[in-house]
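Contents: one structure, followed by commentary.
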Amino acid sequence: MKKFFLLLILLAFTFTSAQNVFKSQKQIYLAEYYAHQKEDQKALNHYLEAIKLNPKNPNSDVYLEAAAIAFKLKKSKTAKELLIQSITKQLAPLDFLRNFKNLQPYKESKEMKEVLAQYDDLENQYYRELKNPAAYMKIQSLIATDQLIRKEDNVFGKLATKIDSTNITNLIELTKKYGWESRAWVLLWHHRGSYKENDFVWNFFTPYLRKEIEKDNVNKDFFVDFYEYENSTKDSINKTGEGSLYTLQTLGNLNFNKTAYFDIENLDKRRKSVGLPPLYFEHFLYGAELPEKYNYNPDNLLNDLENL
């Protein structure tokens with residue numbers, strides 16, 4: 001399970017040239033809203049606006065969802081460009097692109113076949129356009145070392161502390177020189193146990209990342225996993241059963257099987273403070289079961305998304 005979650009992290013976080021991060025994320029929420037409502041043109045418009053605001057921030061799923069909608073609207077040229085950008089901006093893996101669920105109806109299209117045939121060239125373009133290739137390669141090396149020691153439990157037990165300490169020290173120096181690279185999140189995650197403690201890791205990263213959030217270079221929900229992990233740890237030790245602070249859908253609370261929320265009356269206020277939409281949005285999109293005592297007027301959803 002440990003290795004599985006680490007793999008998910010590596011897939012989810014890619015090299016970014018950050019700007020307008022939360023502004024872009026808001027547009028993605030609105031795109032998801034309209035797509036669910038079958039208002040495809042509005043959904044596509046918001047996806048395109050999200051990408052325009054920050055081409056490097058949306059993960060490859062965003063490009064592919066937008067491409068599927070463009071195909072549906074018979075905007076093949078736009079669809080093809082989005083497929084290309086999913087590679088040149090976010091390095092969407094070949095098999096992931098080929099097997100993406102919502103693109104299956106269009107897998108035999110001329111545009112899809114042309115993009116897949118050009119994949120190697122487009123992949124090379126991604127690397128050519130990296131803003132800081134030196135930072136990319138150095139962090140790639142740190143992550144490779146991080147994952148290598150975690151392949152075997154006996155090696156992990158002997159080397160984890162030393163490697164994690166060396167990696168985070170190198171990451172601090174790289175961040176000072178090049179700025180934050182979101183792929184490096186996994187390296188910081190290994191220090192979640194000392195979050196909010198007075199140590200060199202968080203004495204650097206907490207104020208640094210908070211400033212980046214203020215500049216809209218890092219998403220507002222960056223610390224949610226760490227908040228939830230700290231809260232879950234205290235909850236587990238003290239047996240208080242207070243519940244999660246923001247969400248049940250995070251690595252920070254999965255290990256403790258959270259099923260309830262702390263102070264649920266103010267849950268959506270807390271979520272908004274870290275850039276998360278109302279909890280009802282998860283129910284709206286995915287049919288997620290809503291907890292007891294959670295009250296929300298569905299008529300407010302669009303307005304709340306627009307005013308995050």
Side-chain angles (χ1 to χ4, degrees), residues 11-12 14 16-123 125-126 129 216 219 275-278 280-288 298-308:
L11 290 174
T14 55
T16 63
S17 176
Q19 56 183 348
N20 299 322
V21 174
F22 183 61
K23 293 183 182 71
S24 178
Q25 181 60 59
K26 285 175 62 175
Q27 294 298 317
I28 293 170
Y29 288 143
L30 288 167
E32 291 172 334
Y33 173 89
Y34 284 115
H36 188 76
Q37 296 288 71
K38 309 299 183 186
E39 296 187 54
D40 294 326
Q41 186 58 61
K42 287 184 178 180
L44 180 60
N45 290 345
H46 283 289
Y47 274 132
L48 293 176
E49 181 63 19
I51 291 167
K52 178 182 177 182
L53 283 167
N54 188 2
K56 286 287 189 177
N57 179 50
N59 60 34
S60 56
D61 297 52
V62 169
Y63 287 94
L64 302 187
E65 291 288 2
I69 293 173
F71 273 127
K72 186 177 178 181
L73 292 169
K74 301 188 184 307
K75 297 187 176 186
S76 300
K77 183 177 179 180
T78 299
K80 182 178 180 180
E81 182 57 31
L82 287 163
L83 293 175
I84 290 171
Q85 289 180 330
S86 76
I87 305 167
T88 61
K89 303 300 183 184
Q90 275 296 340
L91 199 59
L94 178 59
D95 287 341
F96 181 69
L97 195 161
R98 182 186 286 127
N99 298 317
F100 194 77
K101 181 179 177 180
N102 287 346
L103 285 173
Q104 291 310 294
Y106 316 106
K107 65 182 181 180
E108 297 301 324
S109 67
K110 176 173 66 73
E111 292 77 16
M112 176 68 85
K113 289 181 177 179
E114 288 175 350
V115 171
L116 292 178
Q118 300 168 24
Y119 186 88
D120 289 346
D121 290 337
L122 296 172
E123 181 183 40
Q125 182 178 335
Y126 170 84
E129 292 179 358
D216 205 11
N219 211 356
L276 293 175
Y280 182 82
F281 194 46
E282 294 178 7
H283 172 77
F284 173 81
L285 290 180
Y286 312 114
D299 293 340
N300 295 335
L301 183 57
L302 179 56
N303 182 68
D304 286 343
L305 294 175
E306 291 173 335
N307 292 284
L308 267 180

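If you're wondering where the values come from, they're calculated on a predicted model, not measured in any experiment.
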Looking at [X] and [Y], what are the two nearest heavy atoms and their distance?
| X | Y | result |
| --- | --- | --- |
| Leu44 | Ala66 | CD1-O, 3.6 Å |
| Leu103 | Leu97 | CD1-O, 4.2 Å |
| Pro277 | Phe281 | CG-CD2, 3.6 Å |
| Ser60 | Phe96 | OG-CE2, 3.6 Å |
| Lys56 | Thr88 | NZ-O, 4.0 Å |
| Tyr119 | Ala92 | OH-O, 2.6 Å |

Under 4.5 Å between any side-chain heavy atoms of [X] and [Y], yes or no?
| X | Y | result |
| --- | --- | --- |
| Leu30 | Lys26 | no |
| Leu308 | Leu276 | no |
| Gln41 | Lys75 | yes |
| Phe71 | Leu82 | no |

Exercise. Side chain to side chain contact (heavy atoms under 4.5 Å, CB included) between Gln27 and Leu48: does it pass, once the steps are laid out?
Worked result: CA-CA 9 Å; Gln27 294 298 317; Leu48 293 176; over 6 Å; no

Under 3.5 Å: donor-acceptor pair, side chain of [X], backbone of [Y]:
| X | Y | value |
| --- | --- | --- |
| His283 | Ala288 | yes |
| Gln104 | Phe100 | yes |
| His36 | Phe284 | yes |
| Tyr63 | Pro55 | yes |
| Asp216 | Phe22 | yes |
| Asn54 | Ser24 | no |

Which distance, rounded to the nearest 0.5 Å, do you find between the [atom1] of [X] and the [atom2] of [Y]?
| X | Y | atom1 | atom2 | answer |
| --- | --- | --- | --- | --- |
| Leu64 | Gln85 | CG | CD | 11.5 Å |
| Glu114 | Lys110 | CD | NZ | 4.5 Å |
| Lys77 | Lys80 | NZ | NZ | 10.5 Å |
| Tyr126 | Leu91 | OH | CG | 5.5 Å |
| Ile84 | Gln118 | CD1 | CD | 6.0 Å |
| Asn99 | Lys107 | CG | NZ | 8.5 Å |

Problem set entry | Asn59 and Gln90 side chains, donor-acceptor separation under 3.5 Å | no

Exercise. Passes side-chain hydrogen bond (donor to acceptor under 3.5 Å, both in side chains), Gln125 versus Glu129? Steps please.
Worked result: CA-CA 6 Å; Gln125 182 178 335; Glu129 292 179 358; 2.8 Å; yes

Problem set entry | Tyr33/Tyr29 aromatic ring centres below 6.0 Å | no

